Structure formats: structure tokens, C-alpha cells
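Fair warning: this is a prediction, and the values are worked out from it, not measured in the lab. Throughout, a chain's letter reflects where its sequence line sits, starting with A, and its residues are numbered from 1.
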Protein chains: 2
Amino acid sequence: MKKKVSLKDIAREAGVSAALVSYVLTNKAEKARVGKDIAKKIRQIARKLNYQPNHIARSLKSGRSYTIGLVVADISNPFFGNIARTIEDEAKRNNYTVIFGSSDENAEKSWSLINVLLNRQVDGLIITPTEGSEQQVKQLKAMNVPFVLIDRYFPAIPSNHVIINNFESAYQAVQHLIQKGRTRVGMIAYKTSLDHINERKRGYREALRDHDLLGKNNRLKEARYSHLKTDVHAAIDQLCTGRKPADALFFATNSLAIEGLKYINELGIRVPEELAIVSFDEGEAFDLFYSPVTFVRQPILDMGREAVRVLLEQMGDTKKDTAQISIDAELVIRRSCGS
Amino acid sequence: MKKKVSLKDIAREAGVSAALVSYVLTNKAEKARVGKDIAKKIRQIARKLNYQPNHIARSLKSGRSYTIGLVVADISNPFFGNIARTIEDEAKRNNYTVIFGSSDENAEKSWSLINVLLNRQVDGLIITPTEGSEQQVKQLKAMNVPFVLIDRYFPAIPSNHVIINNFESAYQAVQHLIQKGRTRVGMIAYKTSLDHINERKRGYREALRDHDLLGKNNRLKEARYSHLKTDVHAAIDQLCTGRKPADALFFATNSLAIEGLKYINELGIRVPEELAIVSFDEGEAFDLFYSPVTFVRQPILDMGREAVRVLLEQMGDTKKDTAQISIDAELVIRRSCGS
DNA sequence: CTTGTTTGTTTAAACGTTTAAGCATATTTT
DNA sequence: AAAATATGCTTAAACGTTTAAACAAACAAG
């Protein structure tokens, strides 16, 4: 790469010191009482040489990199892709850039990633924490690193986070199924200790209980992230056979629903006639399903914005209290639950 | 944030100079003939204080940031999300991190993004160039910035790029439709000057011509990126009405197909009975469509890997020739073209 | 005509590294 | 014993900025 133009180069050309150039180019000319003529000359030379400040040098001096580190589960998953996008935009509006990494729901990878980002001197982190990463969160707190958890959090560890009201959203989704006359409502969720999924399970159970539908049959099935396909298939096999097959299915996430719907197609189960469907998250696939899928829309835009806002607040000089933000999600009704 | 531990801190604790610590911690102890005992002591103190090298200072000194800048059209689009993911992984394997930005197919945004990334001293760029960004590519070449174009390129401007064989892939896709007995094959593509899309159009036309199906009816319709929905609807309206409605449809991209299939559903057109479908790119939605969609699978993993490989090569000390890589895509046959 | 203030500019130190060069001691070779 | 070499460590400069402090010159006030 061609050698870049530095302050010194401009200074030499203008016959002044580098300091003066710095003052002018950072618009501190007034404060530093730089002569009008020389200021103009400096600006002109800077333009002529196409001077671009060296961000790294600035960062070293200022101790701030104007960079946000983003750790998501998997950037190729549209849910996280969308989160990344809103964070990118919001960061840019505030003159920050984003470095990202995917943790693959793996705590070890997550920690290694966080450390890479910290070594790169990010000013703060936005993280979707993985299962078993409680220690990492505690450590970050101890290190006094500004960070915000997004999508998930640990109830036992007070920290900044931006989440949706998982319990309430799940409750509403299941209630919707019940109101459509379904009585044997199943749920497929991940087997995890993560609170956001478990809150969805709680919402499911609570809705059933409130409508006296929590029979002795346990229709809540769990799939392992690592065995997504086989476990989802097994769950559906269990739920949709026997004397009292489920007449409705609530999926805890996008990925579970996709896998589940594919299998439901294979089995030739008719939606919504035989089986009503509601899923968390949205996706092109839901719209394209022959019976477009009713889903819980997460307010990704708001979540991303809030996460950046809170993070910037935390990174400010005056340390703010921890912010725990919970946003309401919206049940978007399509056709997969009948009319 | 807590003040980080620096070489000086370790040096003070060990009672030596910072230089010595640097030698030890960068494993140049042998070369610099550092005493074994003191080396051990330094390593121990570094561990105790949890020393993490300041990447920014290193970058400033070395002139290399070990960062790759990635400019995609939109990170929330799964196609680009996947590209980003493979680039991330491959970069990480080589101790690089990735800063990204989305250009939204907008040349101005793209340029502004590229400049932000360059100011941040990225060592090289991987770019999906937008329409009308020829000057940017020329400029980057003139500036001698290492970069690789991915997914798209400008035939008139020699540069490193990694693309797929768009002509061949489209030709095969359309040939497949013809072999299934379809004679009135339509195509919906973007209206653009970008070569990758136009090569797909050329493949379409050429396949039709070779089978004497290029009648006087022009069944190639173009949609504007900015008016995706309305233009796709209009195109389908035109193609699927009249005395000789299309009996097959080839979509030039994922996003066009999704929009198109939704509309086809609305119109109640049966796939594949009335209309066979092939699309470029893959997506969950294609699998979930009642008649799973036959598609052209882009070798995203290979593309990402190659892009990083070529970029690293270009960033190396010994400047290599420009690499123009074209990878073959694969036609994945599902059910949307009949059996 | 001293003293004080304003104006315009430079110097120098700092951020945290890296690394060539320098400088003592110690050890080996003549 | 003097000379050469090896060993172990320190100094200092550099990367490109920022910014407090210093300084000189011009001007104003007493």
C-alpha cells in the first residue's frame, strides 16, 4: 500500500509544525488561536494531498478506538444478521464502527472472541451470551468493561441488557392458539439453561394452566442445539402420534420452526387443519409456507438501537446505572392457526 | 474501563526495562539473548497481571492492523451473512479480524464505507461492489490498496475477484427447465449494469436460443432493486397472463424469488403443474415451499475462503499478480420443476 | 518606557509497542 | 595479558496523533 499522508507531510509542505496542522484539522483552530491565513493554507494542502487521519494513532493517543465489538451466535443466521445490521447503522450514526465475531453458541469460543475484541481495544461490547457464559459476564463486570447483553441475559447477574418480554410474548402466542379452539398445544424448544428460552417455556405452561389445559400429558419437548434435526423430528413424532395427537404447535425459535415445518410437510400433516402453528421470530420462509405462519415478531430494530444507546451511555465519562431494557414483541397473525 | 496492564507495568514489577519484557513476550528471547531466569520471571508476572498486548499500539508501530474490511450489500441478507461468516472464520484462522459495513447497493454509501475502513487502517478490503462503483475500484487500484471483489466484478477493470460462473450456471438452470419439457420460460432479473446479473441473463438467452425457444415474445423481465415488490408483481402479471403464459420461471436471485413466490401463491398458480421454478441462491424458504424449489447453489464457503486467501496473498510483501477466480455453482434439484 | 496581555506558533511529552544500537560484564581466544 | 567475542540488559527512537506548556512577537495599558 502507498505510504499515507501524515500531519508531518502537511506541516513540511506548509512550513509549519505538525501541532499547528493538528489544531487546524481537528477544528480547534479558534481555541488555539491559529492565524486565519495559515489555517486556510493548511486546509488547502490537506485537501490537495488527500490527507486521511490515522485512526490508529488517534486511538492510541485518546485511549478510545471508537469501535464496538459485537459477539453474536452466528452472523449467517438472519436473526443475528438483522441485529448486526441495526447495530451497524446505529453505531455509524454515532461515528463508531463494528467488529464482529460468531460464537456458535459455544462458551469457549465466546470467551476467546471477547478477548480478541478487547485486545483490539474496542470501547465496549454487545454480546448475545451463550449458555454457560455466566463467568464471562461476571469477569467483564469485574474488569469494568462497558457491555450490553442482547437477546439473552442471566437473571442472577445484574448487568445491562436489552431483551424482549419472552414470558408475555409466549403467553400471548399460546393463548392465541387456545382461543382458536386448540386444546392439545405442544411446544418445541431448546434444551438450555438460557433464560430467554425458559421464559418462553414458562409463558407456554402458564397459558395452558390458566386455561386448565395443562393435563398430565407433557407436550413440551426439548431439542439439543447440536442435534437440531434429529431431536425436532423425534419431538414431532412423539407429539403427533398416539391417541391424543397435538392439534397445535408452538416453536420457541425460527430455526426450530424451519426444521419442524419441513418435517411436518414430509409427514403430510395439514396446517392449520390438523395442526396449528405459531413460532417465535420471523423469516422469509414463514411467508412462503403454504399456510403463512403466525409468529412473534421481535422488535429487532428497537433492540439494536437500544443496545447501542445503552452502550454509548455506559461508555460515557459519567458512569450510569445499569439499564435493563425489556421491549414488547408483537404477535403477527397469518393463516397457520386457522381463521 | 479499568486501566490495562502495559509492558511498563510488568517491567516495573520485574525491575527491568520495557524492552526486555517485549522481547520475552513476543518470543524473541532467544534472538535477544535474554537470561532464562529473568525470562521466566517476566512471563510469570505477565500471567499474574493478566497482560494483554495493546493491539492498537502494535498496529501503529508495525503499520499493519491485522484487520480486514468487508463491504457487503446488506449483512442482514442471508447470502451476505453467509459470506461474512466464511470470511470471518477464514480471517480468524489467519489471526485477522473483520470490520464490516453494508452499502445497501448504494455507490455513495459504499465509498464512504470504504473510506471509513481505510481510515481505520484495514490491511485490505473484500468488497461486493455496487452498481456504478467502477471509479471506486479504479481509485483503490491507483492507491495500491490490496482488495478483492467478491460475487461481482467489472470486466473492463482488471482486478482481483472471486465469482461464480454465472453464465454457465444460468445456462444449466434454464436447460434443466427445457429438458423438463417447458417451452415458455420466463426470467425475472434485476435491472442493473452489474455483470454477474447480466451474465445470468445471457445464460438464459443462450440456453433458449440453443433450443430454438427464443421466440419473439420477450420473457425476460427486469425489476428495480428499489421497487422490488411492485416490479416483480408487474413482471409476473405480464408473464403469466395472455394467450401464451409462461410455463416456467427463472429467478436471478433469492430476493426476487421470495417476492415472486409469495405473489405466485397469492395468485393461486400451482407449482410445478402450471409453472416450474428455478432460482439462483438458496434459502430456508425454498425448502419450505410446498413444492421445494430447485436452485443454483453458490459455493459460498469456497468463495469466502478464496477471497481471504487471495487477499492475504496480495497483502504479502511480495506482490502477486491479480487473481481472477471463477468457481462453478451447482444446480440442486428439488421438486419445483416436476419429476 | 516598562509591564501586561493578546496573538500566533513551536516544543515536547505522551499513548504502548518494537527493535536497532549501545554498553557493560563475563568469557573465550590468541 | 591483551584482544576478541559472547552474554545480558538498557537506551532511545520510531509509528501518527493530541495537547499542555513554553515562547516570541506584537500590541495595549499604565
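- What separates NZ of A:Lys41 from P of C:dT9 is a distance of 11 Å, to the nearest Å.
- Using a 4.0 Å heavy-atom cutoff across all strands shown, A:Ser6 reaches sugar-phosphate atoms only and no base atom.
- The side chain of B:Leu7 lies closest to C:dT17, out of D:dT10, C:dG8, C:dT17.
- At a threshold of 4.5 Å between non-hydrogen side-chain atoms, the residues A:Val34 and A:Leu20 count as touching.
- Counting any heavy atom pair closer than 4.0 Å across all strands shown, A:Ser62 reaches no nucleic acid atom.
- Straight-line distance from the NE2 atom of B:His55 to the C1' atom of D:dC15: 15 Å, rounded to whole Å.
- Rounded to whole angstrom, the span from the CG atom of B:Leu20 across to the C1' atom of C:dC23 amounts to 15 Å.
- Backbone-only engagement by A:Thr26 is indicated by non-hydrogen atom pairs under 4.0 Å involving sugar-phosphate atoms exclusively.
- Residue A:Lys8 has no polar side-chain atom (N or O) positioned under 4.0 Å from OP1 or OP2 of D:dT17.
- The pair B:Glu131-B:Arg152 fails the salt-bridge criterion, with no side-chain N (NZ, NE, NH1 or NH2) lying under 4.0 Å from an Asp/Glu carboxylate O.
- Of the side-chain N and O atoms in A:Lys4, none sit less than 4.0 angstrom from OP1 or OP2 of D:dG16.
- B:Gly35 comes within contact range of the sugar-phosphate backbone alone, with a heavy-atom separation under 4.0 Å but no base atom that close.
- In this structure, B:Asp74 pairs ionically with A:Arg85, as a charged nitrogen and a carboxylate oxygen lie closer than 4.0 Å.
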Going through the checks in order, is the side-chain hydrogen bond (donor to acceptor under 3.5 Å, both in side chains) test met by A:Arg120 and B:Thr67? CA-CA 10 Å; A:Arg120 304 234 162 195; B:Thr67 304; 2.8 Å; yes
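- In this structure, the NZ atom of B:Lys28 is 18 Å from the P atom of D:dC9, given to the nearest Å.
- Rounded to an integer number of Å, the gap from A:Leu25 CG to C:dT9 P is 15 Å.
- Across the interface with DNA chain D, nearest-nucleotide mapping of B:Leu60 and B:Val34 shows B:Val34 to be the residue nearer the 5′ end.
- Going from atom CZ of A:Arg33 over to atom C1' of D:dA21 covers 11 Å, rounded to whole Å.
- Out of C:dT19, D:dT19, D:dC9, the shortest distance to the side chain of A:Tyr23 is found at D:dT19.
- Using cut-offs of 30° and 60° for the angle between ring planes, the B:Phe100 and A:Phe100 rings count as perpendicular.
- The nearest whole Å value for the distance from the CD atom in A:Gln52 to the C1' atom in D:dT17 is 15 Å.
- Of the two residues near DNA chain D, B:Gly15 and A:Lys31, the one whose nearest nucleotide lies more 5' is B:Gly15.
- A salt bridge links A:Arg305 with A:Glu90: the closest approach of a Lys/Arg side-chain nitrogen to an acidic carboxylate oxygen falls below 4.0 angstrom.
- Judged by distance alone with a 3.5 Å cut-off, a donor-acceptor contact links the side chain of B:Lys61 to the base of C:dT18.
- Counting only heavy atoms from C-beta on, B:Ala19 has its side chain closest to D:dT11 among D:dT19, D:dT11, D:dT17.
- In this structure, CG of B:Asp9 is placed 13 Å from C1' of C:dT17, rounded to the nearest angstrom.
- At the heavy-atom level, A:Arg58 lies under 4.0 Å from the strands shown only through sugar-phosphate atoms.
- Across the interface with DNA chain C, nearest-nucleotide mapping of A:Ala39 and B:Asn54 shows A:Ala39 to be the residue nearer the 5′ end.
- Of all nucleotides listed (D:dT18, D:dT17, D:dA22), D:dT18 comes nearest to the side chain of A:Ser22.
- Across all strands shown, B:Ile56 has no heavy atoms under 4.0 Å from either base or sugar-phosphate atoms.
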